[in-house]
Student: 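Submitted below is the structure of interest, expressed as structure tokens.
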Number of protein chains: 2
Amino acid sequence: MARWHPNARGRLEQAALELYSERGFEQTTVAEIASRAGLTERTFFRHFADKREVLFGGARALQEFLAKKVAEAPDSLAPIDAVATALEAVEFFFPERREYSRQRQSIISANAELQERDLMKLASLSVALAEALRNRGVGDPAAGLTAEAGIAVFKVAYERWIDETNQRDFRQLVRTALDELRAVITHQ
Amino acid sequence: MARWHPNARGRLEQAALELYSERGFEQTTVAEIASRAGLTERTFFRHFADKREVLFGGARALQEFLAKKVAEAPDSLAPIDAVATALEAVEFFFPERREYSRQRQSIISANAELQERDLMKLASLSVALAEALRNRGVGDPAAGLTAEAGIAVFKVAYERWIDETNQRDFRQLVRTALDELRAVITHQ
DNA sequence: TAGGACGATGGCAGCGACTGACATAAGGTA
DNA sequence: TACCTTATGTCAGTCGCTGCCATCGTCCTA
């Protein structure tokens, strides 16, 4: 394959997704991914920091998306509701990526190293949410705790969104999970 | 050094802690750790799954400790309070390890790979707490959400326990963090 | 249109984490 | 003492990842 074909990064992501699905993350070498994408191992590492990162290309964009949504939320909203509003908007961030998300999550679930990276991205998301809350005037440790609560809600909603066969929309899943968290935390 | 010296595992942990502190995690090779402990690289990997795991030897014991405490909590307690009770008891699990905990946390904070492993251990803790709650009859997703809330509380309490110069006891830190989480989640 | 600047890729050498296979020595036991 | 088990050593090898330099497309400009 000649050089200079367009979208090398995208081809690498696609090849990695296929190979990780076909034979598993550990059983796939970076050289194989690069080869399927018509590139070399060296070039793979110019596009991605390591073998795991190729599955997490969208993390930064999601983080910026959520931080922006929190910043834009009406001042009248309580911190946790500003976060919830941002999370509800995620359905617009994942347009028709449900099948892709399923495949990706299936790969991650099968490998501990990938789960670690996934947790790291969520932690980074939490930090970004907390920072956005502080910019709204929320103090510490409220900002951090609210962000962590938001991430817990997001995890539950996302898992259901992936697993469910019937199409409940993401907004509703977020609202439900937040209500469940409230019920569990509140004094009886 | 002759073979068969006692506590090889402990010596490896000590050597790793020293070297990671002195020159950083990345700048330390496993061969160096093993050498300082009077052993070889191969033996290191018989005691620890990888270079990071040497800092997380206590994770399994803490997990079992917390699960046991949740199981032993009075049936009358709400799920979140059963978890809080377990977390409060952690001060008995860290007897006089405050200085050690500081040093260890300082190492982890300086390296992303170690943070990933730390998050993984906390996630594992959360799974164990959720399982213990299900054994108390708590359903889903309440069990998972309660466990996640507990971990968020634990993080805040632990961070303060490490950072604070004045000796507030762990029980009080846990209670305070839980109250703050409640305030942040509750409708206004 | 020739030439040069610049960015993306290839090729290669090398380090370090980690593993499998086999040898060897220490400690306990009959 | 002979044997067995277990902890350790030795060695070779794979793979993730990086630095360095060469090479090739593409675009810009004179």
Side-chain angles (χ1 to χ4, degrees), chain A residues 1-57 107-108 110-118 120-121, chain B residues 1-57 107-108 110-118 120-121:
Chain A
M1 180 181 281
R3 291 184 183 182
W4 253 241
H5 278 237
N7 196 23
R9 185 181 173 92
R11 268 154 44 217
L12 287 167
E13 288 174 337
Q14 179 64 29
L17 199 74
E18 291 171 8
L19 285 167
Y20 292 169
S21 286
E22 290 170 12
R23 62 180 86 160
F25 175 79
E26 289 179 18
Q27 285 66 44
T28 303
T29 69
V30 173
E32 289 168 342
I33 298 169
S35 170
R36 178 169 298 202
L39 296 165
T40 65
E41 188 184 16
R42 190 65 187 86
T43 297
F44 177 96
F45 286 110
R46 288 206 179 84
H47 286 277
F48 302 99
D50 59 49
K51 189 184 168 188
R52 297 177 253 173
E53 201 64 17
V54 68
L55 285 178
F56 297 87
I107 293 169
I108 293 174
N111 181 269
E113 292 180 64
L114 292 172
Q115 289 165 40
E116 289 186 344
R117 180 58 50 86
D118 204 26
M120 190 70 163
K121 296 300 183 185
Chain B
M1 179 182 280
R3 291 185 181 184
W4 253 240
H5 278 237
N7 197 23
R9 185 183 173 93
R11 268 155 43 219
L12 287 167
E13 287 174 337
Q14 180 63 31
L17 199 73
E18 292 170 8
L19 286 166
Y20 292 170
S21 285
E22 290 170 12
R23 61 180 87 160
F25 175 79
E26 289 179 18
Q27 286 66 44
T28 302
T29 70
V30 173
E32 289 168 343
I33 299 170
S35 170
R36 178 170 297 202
L39 296 165
T40 64
E41 187 183 18
R42 190 66 185 86
T43 298
F44 177 97
F45 286 111
R46 288 203 180 89
H47 286 277
F48 302 100
D50 58 50
K51 190 184 168 187
R52 296 177 254 173
E53 201 65 18
V54 69
L55 285 178
F56 297 88
I107 294 168
I108 292 173
N111 180 270
E113 292 179 65
L114 291 172
Q115 289 165 39
E116 288 187 344
R117 180 59 49 85
D118 204 27
M120 190 69 164
K121 297 299 183 186

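Heavy-atom basis, side chains included; hydrogens, waters and symmetry copies ignored. Within every chain, numbering begins at 1; the chains are lettered A, B, ... in the order of the sequence lines, protein sequences first and strands thereafter. Keep in mind that this is a model prediction, so the values were computed, not measured.
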Student: Distance check needed: C/dT9 C1' versus A/Asn7 CG, whole Å only.
Tutor: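 In whole Å, C/dT9 C1' lies 15 Å from A/Asn7 CG.
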Student: CG of A/Leu39 versus P of D/dG25: gap in Å, rounded?
Tutor: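 One finds 14 Å between P of D/dG25 and CG of A/Leu39, rounded.
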Student: At what distance, to the nearest 0.5 angstrom, does CG of A/Leu55 lie from CZ of A/Arg117?
Tutor: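 One finds 10.0 Å between CG of A/Leu55 and CZ of A/Arg117.
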Student: Nearest heavy-atom pair of A/Ile33 and A/Leu12: which atoms, and what distance?
Tutor: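 It is CG2-O, 3.7 Å.
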Student: Return no unless some side-chain N or O of B/Thr40 is found under 4.0 Å from OP1 or OP2 of D/dG9.
Tutor: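 B/Thr40 to D/dG9 OP1/OP2: side-chain N or O found under 4.0 Å.
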Student: Looking at B/Lys51 and B/Glu113, is there a salt bridge between them, counting it only when a charged N and a carboxylate O are closer than 4.0 Å?
Tutor: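 Looking at B/Glu113 and B/Lys51, the cut-off is not met.
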Student: Rounded to whole angstrom units, what separation is found between the CZ atom of B/Arg52 and the P atom of C/dG16?
Tutor: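 About 18 Å, once rounded to whole Å.
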Student: Scan B/Ala31 against the nucleic acid and name what it touches under 4.0 Å (heavy atoms): base, sugar-phosphate only, or nothing.
Tutor: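 If one applies the 4.0 Å heavy-atom cut-off, B/Ala31 turns out to touch nothing in the nucleic acid.
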Student: Separation of A/Glu26 atom CD from C/dC18 atom P, in whole Å?
Tutor: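 So the CD-P distance, A/Glu26 to C/dC18, works out to 12 Å.
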Student: Strictly below 4.0 Å, N to O, side chains only: are A/Lys121 and A/Glu53 in salt-bridge contact?
Tutor: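 Looking at A/Glu53 together with A/Lys121, the answer is yes, because their closest N to O distance falls below 4.0 Å.
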Student: If I take atom CD in residue A/Glu53 and atom P in nucleotide D/dT18, what distance separates them, rounded to the nearest angstrom?
Tutor: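 It is 12 Å, rounded to the nearest whole Å.
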Student: What is the distance from atom CZ of B/Arg36 to atom CG of B/Leu19, rounded to the nearest 0.5 Å?
Tutor: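 Those atoms lie 4.0 Å apart.
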Student: What integer distance in Å separates B/Gln27:CD from C/dA17:C1'?
Tutor: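 Between C1' of C/dA17 and CD of B/Gln27: 15 Å.
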Student: Let's see if you get this right: which residues in residues 41-51 of chain B place a heavy atom under 4.0 Å from DNA chain D?
Tutor: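 Close to the strand are B/Arg42, B/Thr43, B/Arg46, B/His47.
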Student: Nearest heavy-atom pair of B/Phe56 and B/Leu114: which atoms, and what distance?
Tutor: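 Shortest heavy-atom contact: CZ-O, 3.7 Å.
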